[in-house]
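Along the sequence shown, residues carry numbers from 1.
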Amino acid sequence: DEFAKENNKGKTKEEPKENKITPGQLKVLSKLYTGDNLVKLLELNKIDKLEDMSMEKANEIILKLKKKGEEKNEVNG
């Protein structure tokens, strides 16, 4: 059926591999998230370790943190 064909286009039998977190992102997040904060981050994202996080999710978190930092600086500035 046409709908099924369209849905399976470009898919292999294996799970499509998501782009994993980059070494740079890993470095940033591992500096910012330690102890309980790291545990909460992993649980929230349903992963066992930071290395399992997707590049997209890591980017999203880093951008949010940067934005928070900029807002904080504006208030203090």
In terms of hydrophobic clusters joined by side-chain contacts under 4.5 Å, are M53 and L32 together?
-> yes

Taking side-chain hydrogen bond (donor to acceptor under 3.5 Å, both in side chains) as the test, write out the residues that go with S54, two or more places apart.
-> none

Minimum heavy-atom distance between L29 and I21, given as atom pair plus value | CD1-CD1, 3.9 Å

Can you tell if the side chain of L50 reaches within under 4.5 Å of the side chain of Q25, non-hydrogen atoms only?
-> no

Does the N37 side chain pair with the main chain of Y33, one donor and one acceptor, at a distance under 3.5 Å?
-> no

Residue pairs passing the salt bridge (Lys or Arg N to Asp or Glu O under 4.0 Å) test with at least one member in residues 30-51, sequence neighbours excluded, are K49-D52

Taking only distance into account, with no hydrogens and no angle test, what donor-acceptor pairs under 3.5 Å do side-chain atoms of residues 55-69 form with protein atoms, sequence neighbours excluded?
unit_1, atom_1, unit_2, atom_2, d
K57, NZ, E60, OE2, 3.2

At what distance, to the nearest 0.5 angstrom, does CG of L41 lie from CG of N45?
-> 5.0 Å

